[in-house]
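Everything below concerns the one structure shown next.
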Amino acid sequence: MKYLIIGLGNYGGVLAEELTALGHEVVGVDSEEFQAERYKDKVATTYVLDVTDEMALSVLPLNSVDIVIVAIGENFGASVRIVSLLKKHNVKHIYARAVDEVHKAVLDAFSLDRILTPEKDAARLLVQLMELNAEVEHFSVDENNYVFKFSIPSKLIGYKINELSIEEEFKIRIISVIMGKHTSNILGISKVEKVSEVSYPEDYELKQDDGLVCYGQYADFIKFWKSVK
């Protein structure tokens, strides 16, 4: 895919590098020559432009990129003006960074594809890492709901699925059971093979090498996780 990133500060610059590393074509734009110079050899193309100026904005390949990302956050006025100009130029897919709830509320009015909240997300991720530890993998479906994948805590080993009452007590729904099956290779060396089963017997007894994939609200999962740790 081809991305146009407006603002090559700490956030926009890292975003540009990471997308490039994944094989995407990135065009970077910044009003400061120093910032554009930092990334000219790291991304496909860089421009030094003040894109709050509509004439300057028209120089950019707005219609030949898949997504335009407005990575400016600190300058509230510049961020909103740029988004407004992009909408005026009928740019189809726009992502924009918001640094607080007021900024997000204003950007919401433009009906963008996505509003990015990196500071909030980073804080939430840190809390999740501290609360859940590395034993839990989680994927955000939206602001409140997550899919969680985790190995069976020692407290649950020996319990049957229908004895857990996770959904009734914590409103956490089990999506699949990851069954740890012991197998041997051609050399006779034993290993554990993980098989995810969405259809499983309700009286299946959980074992040490098993895991669960669940869906629910983050706050509810924390309550459940604390109860079994």
Side-chain angles (χ1 to χ4, degrees), residues 1-129 138-147 218:
M1 292 183 69
K2 188 172 182 178
Y3 293 86
L4 171 62
I5 297 178
I6 298 174
L8 294 174
N10 292 331
Y11 177 69
V14 171
L15 197 60
E17 285 189 278
E18 292 295 321
L19 287 170
T20 300
L22 290 171
H24 300 289
E25 183 180 349
V26 175
V27 177
V29 187
D30 202 282
S31 60
E32 298 290 334
E33 184 175 359
F34 168 72
Q35 296 287 42
E37 282 288 317
R38 286 175 62 195
Y39 295 98
K40 71 174 185 179
D41 297 323
K42 298 178 180 179
V43 302
T45 312
T46 58
Y47 290 85
V48 181
L49 289 173
D50 176 8
V51 287
T52 60
D53 184 312
E54 189 170 1
M55 289 294 290
L57 185 75
S58 63
V59 172
L60 299 174
L62 299 177
N63 297 316
S64 65
V65 297
D66 297 294
I67 297 173
V68 176
I69 302 174
V70 181
I72 296 168
E74 293 78 8
N75 191 329
F76 177 91
S79 166
V80 173
R81 177 167 173 77
I82 291 166
V83 168
S84 177
L85 290 173
L86 291 172
K87 296 293 284 188
K88 181 179 178 180
H89 282 260
N90 298 312
V91 174
K92 292 183 179 179
H93 301 294
I94 305 170
Y95 290 8
R97 174 186 171 202
V99 296
D100 56 36
E101 290 302 315
V102 174
H103 194 176
K104 183 177 183 297
V106 174
L107 293 176
D108 270 332
F110 289 98
S111 300
L112 307 181
D113 288 65
R114 181 165 297 182
I115 296 175
L116 308 168
T117 54
E119 289 81 4
K120 184 177 179 179
D121 294 342
R124 180 182 287 125
L125 179 59
L126 178 59
V127 170
Q128 290 167 3
L129 288 171
H138 53 283
F139 170 76
S140 171
V141 177
D142 55 38
E143 191 165 341
N144 295 311
N145 294 293
Y146 286 74
V147 173
Y218 176 71

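All values below come from the heavy atoms of this structure, side chains included, with hydrogens, waters and symmetry mates left out.
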Going from [atom1] on [X] to [atom2] on [Y], what distance comes out if it is rounded to the nearest 0.5 angstrom?
X    : Y    : atom1 : atom2 : answer
T45  : L4   : OG1   : CG    : 10.0 Å
I94  : L86  : CD1   : CG    : 4.5 Å
H103 : D108 : NE2   : CG    : 10.5 Å
L107 : R114 : CG    : CZ    : 14.5 Å
T117 : D100 : OG1   : CG    : 11.0 Å
R38  : T46  : CZ    : OG1   : 12.5 Å

Heavy-atom pair with the smallest gap, counting every atom of [X] and [Y]:
X   : Y   : answer
P61 : Y47 : CD-OH, 4.1 Å
V70 : I82 : CG2-CG2, 4.0 Å
A36 : D30 : N-CB, 4.4 Å
A44 : E25 : CB-CG, 3.7 Å
A56 : D50 : CB-O, 3.4 Å
T52 : R81 : O-NE, 2.6 Å

Handout entry: Residues, nucleotides or ligands: over 12 heavy atoms within 6.0 Å of K2 NZ
Key = yes
Handout entry: salt bridge (Lys or Arg N to Asp or Glu O under 4.0 Å) pairs, two or more places apart, involving residues 56-74
Key =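 Qualifying pairs, neighbours excluded: E74-R97.
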Practice task
May I ask you to say whether K104 pairs ionically with E101, meaning some side-chain N is under 4.0 Å from a carboxylate O?
Solution key: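 So K104 does not pair with E101 through a salt bridge.
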Exercise for the section: Report yes if some heavy atom in the side chain of F76 is under 4.5 Å from a heavy atom in the side chain of V99; otherwise report no. Expected result: no
Return a table of donor-acceptor pairs under 3.5 angstrom between the side chains of residues 5-18 and protein atoms on other chains or two or more places apart.
none

Problem - Contacts of type ring pair (Phe, Tyr, Trp, His ring centres under 6.0 Å), residue Y218, not counting sequence neighbours - result: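 Checked Y218 against ring pair (Phe, Tyr, Trp, His ring centres under 6.0 Å); matches are Y146.
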Practice task
Give the C-alpha distance, both sets of side-chain angles, the deciding distance and a yes or no for side-chain contact (heavy atoms from CB on, under 4.5 Å) between L57 and L62.
Solution key: CA-CA 8 Å; L57 185 75; L62 299 177; 4.1 Å; yes
